[in-house]
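This report concerns only the one structure given below.
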Amino acid sequence: VTRGASGIGEAIVLRLLRDGATGYALDRDQVALDRLQSQWSDKSLICVSGDVTDAGAASELVDRCVFENGAIEFLVNGAGIMHPPVPLHELDIEDFDRVCSVNLKGVFVYYQAVVKRMISAGTKGVIVNVASTGAFRPEQREGGYVSSKHGVAGLTTSAALEVAASGIRVNALCPGVTDTP
């Protein structure tokens, strides 16, 4: 689960663990990872510090998951950030790039790393990408965020069509405004 140490991602990690999964929580926030690790006493939770936009690190983490567990069957792309609330024409290009990089590229990077392993191993699995209701009902002053989450919705639809025959399901979760860090 990317962004697995807080908010929606943390709730997903804890639910998967309670259901008996071995879970890997990826997050940039080491303090949040340490807090999450302290909540879970057995070895079924592995916390990893990292950046979702790093394709090399994604491949390494997926390789690690497969080495330690024999397969990877489930991925939640939960990492997402916002930009300052400004009209799109006033949004700094750096803020736009960062939001699109984390929200869309991060989904692509982990999707690709996991799907390649699933297909090569013949693993039937599930990938859930966290998009947003904003992808379909945009708000003013959130144009970069909306664009990135609309991209996640499109990527999800394309991916689902491409890997369905391999027994891999790809869906999007589209939460509304959620009180998270």
Side-chain angles (χ1 to χ4, degrees), residues 1-55 57-81 102-133 135 149 152-153 155-157 159-160 162-164 166-181:
V1 178
T2 67
R3 189 63 191 266
S6 68
I8 294 169
E10 178 183 8
I12 292 170
V13 166
L14 292 172
R15 176 58 189 259
L16 290 170
L17 293 169
R18 283 193 295 270
D19 287 350
T22 296
Y24 290 72
L26 175 76
D27 208 295
R28 290 186 62 139
D29 185 342
Q30 187 62 53
V31 172
L33 286 166
D34 292 344
R35 181 189 47 73
L36 177 62
Q37 189 70 66
S38 72
Q39 294 178 53
W40 202 256
S41 59
D42 70 30
K43 295 182 180 182
S44 62
L45 171 62
I46 296 90
C47 290
V48 179
S49 180
D51 180 347
V52 296
T53 67
D54 184 338
S59 292
E60 289 174 13
L61 181 54
V62 170
D63 289 347
R64 176 182 172 188
C65 291
V66 172
F67 177 77
E68 293 175 353
N69 300 287
I72 186 165
E73 299 171 342
F74 197 81
L75 167 67
V76 176
N77 277 310
I81 61 171
V102 171
N103 295 0
L104 182 55
K105 179 184 176 186
V107 168
F108 173 73
V109 162
Y110 272 85
Y111 163 80
Q112 192 174 61
V114 168
V115 164
K116 284 179 179 181
R117 285 301 229 137
M118 286 178 167
I119 290 172
S120 70
T123 304
K124 294 173 178 24
V126 177
I127 297 172
V128 177
N129 298 324
V130 179
S132 169
T133 56
K149 292 300 187 171
V152 171
L155 184 149
T156 301
T157 304
E162 291 177 2
V163 298
S166 297
I168 302 167
R169 290 181 292 133
V170 185
N171 289 288
L173 172 67
C174 297
V177 175
T178 306
D179 187 12
T180 67

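Below, each value reflects all heavy atoms present in this structure, side chains not excepted, and no hydrogens, waters or symmetry copies.
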Arg15 atom CZ, neighbour heavy-atom count above 12 within 6.0 Å:
no
Quick test of your reading: applying salt bridge (charged side-chain N to carboxylate O under 4.0 Å, His left out), list the pairs with at least one residue in residues 24-34, sequence neighbours left out, ordered by first then second residue.
Arg3-Asp27, Arg28-Asp51
Does Phe108, at its CZ atom, have more than 12 non-hydrogen atoms belonging to other residues, nucleotides or ligands within less than 6.0 Å?
no
Just do the side chain to side chain contact (heavy atoms under 4.5 Å, CB included) check on Thr53 and Val109 with the steps written out, would you?
CA-CA 7 Å; Thr53 67; Val109 162; 5.7 Å; no
Taking all non-hydrogen atoms of both residues into account, name the closest pair between Thr156 and Ala172 and its distance.
CG2-N, 3.6 Å
For the residue pair Ala131 and Ala153, what are the closest heavy atoms and their distance?
CB-N, 4.5 Å
Under 4.5 Å between any side-chain heavy atoms of Ile119 and Ile168, yes or no?
yes
Distance (rounded to the nearest 0.5 Å) between Leu26 CG and Leu61 CG:
6.0 Å
Gap between atom CD of Glu60 and atom CZ of Phe67 - 0.5 Å precision
14.0 Å
What's the separation between atom OG1 in Thr133 and atom CG in Leu173, rounded to the nearest 0.5 Å?
10.5 Å
Please give me the minimum heavy-atom distance between Ala25 and Leu33, naming the atom from each residue.
O-CD2, 3.5 Å
Looking at every heavy atom in both Lys149 and Ala79, which two are closest together, and how far apart are they?
NZ-O, 4.2 Å
side-chain contact (heavy atoms from CB on, under 4.5 Å), paired with Tyr24, selected from Leu45, Asn69, Val13, Val1
Asn69
Spatial distance of atom CD (Gln39) from atom CD (Gln37) [nearest 0.5 Å]
10.0 Å
Between Thr180 and Gly7, what is the shortest heavy-atom contact and its length?
CG2-CA, 3.7 Å
The test is side chain to side chain contact (heavy atoms under 4.5 Å, CB included); show your working for Ile127 and Tyr110 and say whether it passes.
CA-CA 10 Å; Ile127 297 172; Tyr110 272 85; over 6 Å; no
Atom pair CD1 (Ile72) and OG1 (Thr22), whose distance is rounded to the nearest 0.5 Å
11.5 Å
Minimum side-chain heavy-atom gap Val130-Val152 below 4.5 Å:
no
Keeping Thr2 on the side-chain end and Gly78 on the backbone end, is there a donor-acceptor pair under 3.5 Å?
yes
Taking C-beta and beyond as the side chain, do Lys43 and Glu68 meet within less than 4.5 Å on heavy atoms?
no
To the nearest 0.5 Å, how far apart are CZ in Arg117 and OG in Ser59?
9.0 Å
Side-chain touch Leu36/Leu14, heavy atoms, less than 4.5 angstrom:
yes
Side chains of Arg64 and Ile46: does their closest heavy-atom pair fall under 4.5 Å?
yes
